[in-house]
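A quick write-up on the structure given underneath.
Values reported hereafter were calculated over all heavy atoms of this structure, with side chains retained and with hydrogens, waters and symmetry mates removed. Lettering of chains follows the sequences in order, A, B, ..., and the numbering in each one begins at 1.
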Amino acid sequence: MDIITDIASTMLAQLQKPTLSFLIGGMLLAAMGSKFEIPQPVYKFVVILLLLKVGIGAGMSVRDANLAQLVVPAVGAAVVGIAIVLIGARTIARTRGISHMDGMATAGLFGAVSASTLAAGMAVLDSENIAYEGFIGALYPFMDVAALVTAIVLAKLAEARQGAAAVQGGTMTIGGARAGGPTVEGGLVRTILKDTVQSPAISALLLGLALGLFARPETVYASFYEPLFRGLLSILMLIMGMEAWQRLSEMKGVAHAYIAYGLLAPLVHGALGFGAGLIAHEVTGFSAGGTVLLAIMAASSSDISGPPTMRGALPKANPSAYVGTSTGLGTPVAILSIPLWMALADALIGF
Amino acid sequence: MDIITDIASTMLAQLQKPTLSFLIGGMLLAAMGSKFEIPQPVYKFVVILLLLKVGIGAGMSVRDANLAQLVVPAVGAAVVGIAIVLIGARTIARTRGISHMDGMATAGLFGAVSASTLAAGMAVLDSENIAYEGFIGALYPFMDVAALVTAIVLAKLAEARQGAAAVQGGTMTIGGARAGGPTVEGGLVRTILKDTVQSPAISALLLGLALGLFARPETVYASFYEPLFRGLLSILMLIMGMEAWQRLSEMKGVAHAYIAYGLLAPLVHGALGFGAGLIAHEVTGFSAGGTVLLAIMAASSSDISGPPTMRGALPKANPSAYVGTSTGLGTPVAILSIPLWMALADALIGF
Amino acid sequence: MDIITDIASTMLAQLQKPTLSFLIGGMLLAAMGSKFEIPQPVYKFVVILLLLKVGIGAGMSVRDANLAQLVVPAVGAAVVGIAIVLIGARTIARTRGISHMDGMATAGLFGAVSASTLAAGMAVLDSENIAYEGFIGALYPFMDVAALVTAIVLAKLAEARQGAAAVQGGTMTIGGARAGGPTVEGGLVRTILKDTVQSPAISALLLGLALGLFARPETVYASFYEPLFRGLLSILMLIMGMEAWQRLSEMKGVAHAYIAYGLLAPLVHGALGFGAGLIAHEVTGFSAGGTVLLAIMAASSSDISGPPTMRGALPKANPSAYVGTSTGLGTPVAILSIPLWMALADALIGF
């Protein structure tokens, strides 16, 4: 019974946290037909600030890390991030009734990392006096950015292929003039990569990364981007909540698939991360504590960098699918799985 | 002579405070024909943030209060808030030459509460070692929201009736097709209440209240909504000052009515609040200090939650009337009346 | 060799500072064809907030200064600010191939003051235990505002004359009806001064000055305008960088003129400031330390108040010219010249 109470209270605490409570607040506003709205230019600016902040923070943490020690676990983190999205592309994104776009956005968020879940994991290890590498914080952008970019590119690729197929099929009669898309697959990938890099969302993220890596934005980060972050995220969540409500009907009949994915995926992903940690342990002596944290990163799903990125890059994806599944289910399960990875690490490596 | 110097220096200090000085600054800009302007989308967002902040803060203070003890004084506070608006509806809003809308907006602001005046009252009691209930801060939203919503609904109701009358009168010849408004009064009230709740301003306020009551927005409140509040209010005051100047001519000939109301109303309202405190004292043993603070709340007029709410909900009301009267006259008089309520409480209840 | 290393590391440090690194970031975004953009209404609001902050800060520092002692050095500072712009009008703004508007904007920035360079100078004097007047910080708005307004008025005057000349010349055939501009020079100056004062940028600056001087905006300044400043500036720099890149081609062939001006002007201007300090020393006993700081002020070029003012008041001027020259060259040279003014002051006045 205790475990059920634990789960219930963890989920209630998640629901009361700013991220989800503002999302629910936005849904309530939409449900009661409110004329409340965030003006479009402000909304765009909020997304830009959020992505700049995420990028700058990640860039600074990579810059401050010991690059030699970082390489093996960083490659591992990126591979895990990509693998999670590829698994999602073959599971949740292929489920009947779920749009491919929604499925890929959800997989992207599960591949990305929740900084707060990672922080919770660190706090647990600290309280147990279990050591881990100081550069762990610098690993998360590798998994995060790899997962988000993979998901976005795959989603756009599928959309472009679908568009091309539609043109070759039904709408062919319109005439060859409008026949869209390059026929060579390689050209398509290149176009989509270029589009992705040039899109406002990914541009802002990459710009932030570059500034964090090569400049010294510490003062402006600490006085502006960092303090405003949670507040601007709460505004974004309101907007996404209102939109989610308007699109909730799309989820009828497929909700069970999202629930199953939200409950199981963190465990599968965590095991992948744990495996990558084990390999790094064999190759470079990566610590048992670091392995636990890599598992937690992989198990976690993004509640911070992910939603604004997906919103900016894949505007057609339904936020009630991806934010609801990741923040409402993925994050609580990931937090509850922390003791599992600790027990595994103690058994296989030993603290 | 001392009292006159006191009043003059209190009023000068009020004029120099951000709220009024930015309002005057906006008026000066308009007076010199400046092309300065705050873009519309930003202005809308500023109002939304202000109302969310007011709502969240009020919701959290109610949530943290002892609800059992709170009930009687809270009902008293709400009744006083409504009574003040009803008095205003029969005095300032009925004065010849003052538009009903402007009068109701002014009455609403005098019914609403100034958090800084309340804080001044608490500071005075603290310095005299006079005890009061810890939940006092949770009383203010009851008076505040009750007064603001009553004023807005009454103002919209009067406007709708006027519109209907106009249709039935002069413009009747246009034809029955455009004949507006439900004929049954109850339907009209329901429509206006629905419109009010769905309006962006009241939606934001209610959403904030709900988030403060049921979620845990403490971190985002402390890192974002609270620190940005005074600054965003200064921006709103600039906008309202510019608009006030453009509409100042409307106040010619009726300024004396606003002055009389601004000077007398705080004393009448304070007496009402004091009476509610006395009743709560008899019923539940509400303290003498609490009674003084309830009187101060009632005497005070809103300089914070009121202006953005009125601006959002009653855009046709003239800010130079309601902000000028409440912040320029009502607040100084309310502050100066603090010793009066203390003397009364000492005489009637005893500290 | 040491001096070259010093210069190189000073310039690298400048490049990594938020101001220049965000400018470069914006240029990179534009270079890679990003669709990143800051919405227009947000951009306007950012400029307004920056200028309000600059004005309020300057107004408060003048208010807190001892006015009697301030007069002579303040007049000196204003005269130096104007003189620098007039020199620029006859040098950089007259260079073949450089648009007059770009040249005047650059001269205006070199006349304006860099608060951070001034702070660096104060820190050096403090570390050497060299005394200076406490009101030094209040001198900078005099030089700053005098230079910016002079540059803007001269630039607009030249533009208006050019427009009038064009009308009298080639486009005369359109017909007298559209013949533009007052014929009397005095009327033109008055019109331009009025336009300048009423322009959003200068209105915001003057409003801030007035609020700082006559009101008590300390709380809202400390909680809002001051903490947001560097962050909003970084946003402005991004915007200006993107625009600068799009207009970089205009600078081909004239870059050497900007480089020469950026390297030499700070030394000439510093000598002017030093001279003004010497006069104040003779007249009112202004200290040797104060004279050094006045020289540093004059040598410095604005990286803070200047760019948003020029952007708002002279939208046609090319930011890659004026921001690049002042922040990229002027500021490092001004910082490196600090020991020069100290040696001069020691020799001519004695610490």
Evaluate the side-chain proximity of C:Leu207 to C:Leu52: yes if any heavy-atom separation is below 4.5 Å, no if none is. yes
Of all heavy-atom pairs linking B:Met310 and B:Gly108, the shortest is CE-CA, 3.9 Å
Under 4.5 Å heavy-atom distance to chain C, tell me which part of B:Phe22 shows up: side chain, backbone, both or neither. both
Flag side-chain contact, heavy atom, 4.5 Å: C:Tyr225 against C:Val54: no
Side chain, backbone, both or neither: which part of B:Ile24 has an atom under 4.5 Å from a heavy atom of chain C? neither
Cut-off 4.5 Å, heavy atoms of chain C, and the answer for B:Leu29 is side chain
Side chain from CB out, backbone as N, CA, C, O: work out which of these in C:Tyr221 comes under 4.5 Å of a heavy atom of chain B, or both, or neither. neither
Does the B:Ser34 side chain pair with the main chain of B:Ala30, one donor and one acceptor, at a distance under 3.5 Å? no
For C:Glu218, give me all partners under side chain to side chain donor-acceptor pair (under 3.5 Å), at least two apart in sequence or on another chain. C:Arg63
side-chain contact (heavy atoms from CB on, under 4.5 Å) test vs B:Ile239 passes for just one of B:Val47, B:Val42, B:Ile38, B:Leu23, namely B:Ile38
Cut-off 4.5 Å, heavy atoms of chain B, and the answer for C:Ala204 is both
Does any backbone or side-chain atom of B:Glu37 lie under 4.5 Å from a heavy atom of chain C? Answer side chain, backbone, both or neither. both
Using a cut-off of under 4.5 Å on heavy-atom pairs, state which of B:Pro227, B:Gly26, B:Gly33 scores highest against chain C. B:Gly33
Which bit of C:Ile56 comes within less than 4.5 Å of chain B, counting heavy atoms only: side chain, backbone, both or neither? side chain
